[in-house]
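Right, one structure below, let's go through it.
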Amino acid sequence: MAIIGIDLGTTNSLACVCQEGRPVLVPNSLGETLTPSVVSVDENGEICVGAVAKERLISHPEASAASFKRYMGTNKVFTLTGNSFTPQELSSFVLRQLKEDAQRFLGEEVTEAVISVPAYFNDNQRYATKEAGKLAGIHVERLVNEPSAAALAASRISGEDEGSYLVFDFGGGTLDVSVVDYFDNIIEIVAVSGDNRLGGDDFDEIIARSFCAHHQMDYEGLDSQKRSSLLRLCEKCKQELSRQDEAELVWEAEDKKMPFNNLVLAGLGQDLFDRISQVVESALRDSARSMEEIDEIVLVGGSSKMPVVALYLQTLLKRRPRIIASPDEVVAMGVGIYAGIKERKEDVKDLVLTDICPFTLGTNVVNYADNDNPVMSAVIERNSILPCSKKAYYTNAYDYQRKIVVGIYQGESFYCNENLKLGAVEMEIMPVSKGEACLEVRFSYDLNGILEVEVMDRQLKQMKRKVLTSESVRLSEEELNRRLEELKAYKMMPCGGIRTKVVLARGERLFAQMTGARRQQVVLVMQKIQQTIVGGNDQEMRRCLKEAQEIFDRLEGL
Ligand code: ADP
Ligand code: MG
């Protein structure tokens, strides 16, 4: 039975298997390696995932959901035409689809998967990801950090030796930059930094804003249908600029166009580049490495395909990034390689992938200027390798103080109140003059996200312990099994005739987006397809779909 690797992305997901020691990406039923991480419930109550669902996101927004990875590990509920789903349930549909694609591709059953997650995912988010696997009927024994997977792919695919990597992962809505060491079979994340509100979507938006400004239109004033239509066109234009230096953005429905080129895009993106540089610099600073100590820059994520981004990085780091494979496939290849190693039970024990603590954990110290606004004192610094145990010493802030409250905070802000409070330990202490008490505070944080805090008064030789786990959003085993049964009732849309479904879904989207004569043309095309479904043979169907696509392309100005 096969083990597959899965990159469960915010925008796109991929599955990868290892064949004869080499990573092979699994094509979906459309023959594509990327499956949009979008879920939609159709009129029959069937679940569709991927390209069809992405079209329905515009034509049937109330029945569709995207970007749910952002909410993993939270209590957010998505309602799709009366059906309620948690983020992990929506993710489980994506996983189910990828699993089915892999089974069809391999011709055997898939029961186990290795899934990649962002390095900064906390314990709740990791737990939710595993739960998504369970709900999809896949055993997920191991999660792998995305930058570790990228480094593994970089080293294995290029056949180069081990080394230090700067992994630049620029996706649809997130930027993650990591410094990863790969030495002696240990893959160690040295530092991570990121901006979870910066991605390819922002480039679509700056293009849209510039287009609107050019035509004296109010971008903010566009209704949501129009805005999503325009953004899709902008994404297409942006992608064209990755292949050629110039592209024309034509918005047929509004009878407006505007030429773009990479130089213009570079100019428009100045603010975004500034934010990129902050993330890159922070990762390098935290890693305490200079660029000379980095062996490779690895480009990951669909947005890294943009020439303006690659060029900017090259100028910033004074080094040419290495493209080992299509950037949006690198993480999947890494998890695929890892799944293969695990399947062959080869050197999986030798290959160690470490986890890090992505945020700072600390306690409060007094702020004499403002008593209500204590200052954060770090105990476990962000990017510490897990498991990790650190001691820090504190004293009393006032004469003859009898009690001390050791707050437990998570975050990077100077003031505790701006960080997340996880708990507190209250202790009686020996009443002595200010500065004479001696408190030892120890934080131990393990791989399962369990934080243990010990506070000891060294004079009284008294100790207090508190164990913090993050189980608030977890389901019990029974609840999980009950939900598993319920979800089984949702049928996945069968993959037969998938091309027809994609064209029909696109037609529905265009119908929703267009008006007047264009809309009428969409109706005619759709009727033709429907007639062919009923009365046509395979060859006629293929021809009809091809024609339909061409007309739709024209209508969309592609
Ligand atoms: P995620 O990791 O967020 O799931 P991806 O790595 O697949 O997503 O990146 C998706 C983003 O990459 C989207 O914003 C998409 O527009 C962008 N993208 C994909 N291909 C290209 C391309 N050829 N040129 C520019 N941007 C691209
Ligand atoms: Mg990704």
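Order of listing sets the numbers, starting from 1, for every ligand and every atom in it.
The distance from ligand 1 to the heavy atoms of Glu235 drops below 4.0 Å at these ligand atoms: 13 (C), 15 (C), 16 (O). Close approach of ligand 1 to Ser242 is summarised as follows: ligand atoms under 4.0 Å from at least one heavy atom of the residue are 22 (C), 23 (N), 24 (N), 25 (C). The atoms of ligand 1 that sit less than 4.0 Å from any heavy atom of Gly9 are 4 (O). Near Met306, meaning under 4.0 Å from one of its heavy atoms, ligand 1 places the atoms 25 (C), 26 (N). Those atoms of ligand 1 that come under 4.0 Å of a heavy atom in Thr10, given as number and element, are 3 (O), 4 (O). Atoms of ligand 1 lying under 4.0 Å from any heavy atom of Gly200, numbered from 1 in the order shown and given with element: 14 (O).
A cation-pi contact links Lys76 to Tyr71, judged by a cut-off of 6.0 Å to the six-membered ring centre and 45° from its axis. Within the cation-pi definition used here (under 6.0 Å to the ring centroid, within 45° of the axis), Lys342 does not qualify as a partner of Tyr338.
Regarding atom 23 (N) of ligand 1, its nearest protein heavy-atom neighbour is Lys305 CD, 3.5 Å. Distance from atom 7 (O) of ligand 1 to its nearest protein heavy atom, with residue and atom name: Asn12 ND2, 2.8 Å. Ranking the protein heavy atoms by distance from atom 2 (O) of ligand 1 puts Gly171 CA, 4.1 Å first. Looking only at protein heavy atoms, the nearest one to atom 4 (O) of ligand 1 is Thr11 N, 2.7 Å. Counting protein heavy atoms only, atom 19 (C) of ligand 1 is closest to Gln239 NE2, 3.5 Å.
Contact analysis leaves Gly199 out of contact with ligand 1, as no non-hydrogen atom separation drops below 4.0 angstrom.
For atom 26 (N) of ligand 1, the choice among Arg70, Glu329, Arg232, Lys238 with the nearest heavy atom turns out to be Lys238. Closest heavy-atom approach to atom 27 (C) of ligand 1 within the set Pro307, Ser37, Gly302, Gly301: this belongs to Gly302.
Sparse packing is recorded around CG of Leu263, with 12 or fewer heavy atoms of other residues, nucleotides or ligands lying under 6.0 Å away.
Looking at every heavy atom in both residues, Arg126 comes nearest to Pro118 through NH2-O, 3.5 Å.
One distance of note links CG of Asp201 with OG of Ser67; it measures 7.0 Å at 0.5 Å rounding. Put simply, CG on Asn145 and CD1 on Ile189 are 4.0 Å apart, with the number rounded to the nearest 0.5 Å.
Ring planes of Tyr312 and Phe273: parallel class, angle under 30° (limits at 30 and 60°).
Donor-acceptor pairing under 3.5 Å is lacking for the side chains of Thr174 and Asn196. Under 3.5 Å, the side chains of Glu162 and Ser155 contain no donor-acceptor pair of N or O atoms. At a cut-off of 3.5 Å, with distance as the only test, a side-chain donor of Gln549 or Arg506 sits close to an acceptor on the other residue.
For ligand 1, the polar-atom distance check finds an N/O of Gly172 within less than 3.5 Å of one of the ligand's N/O atoms.
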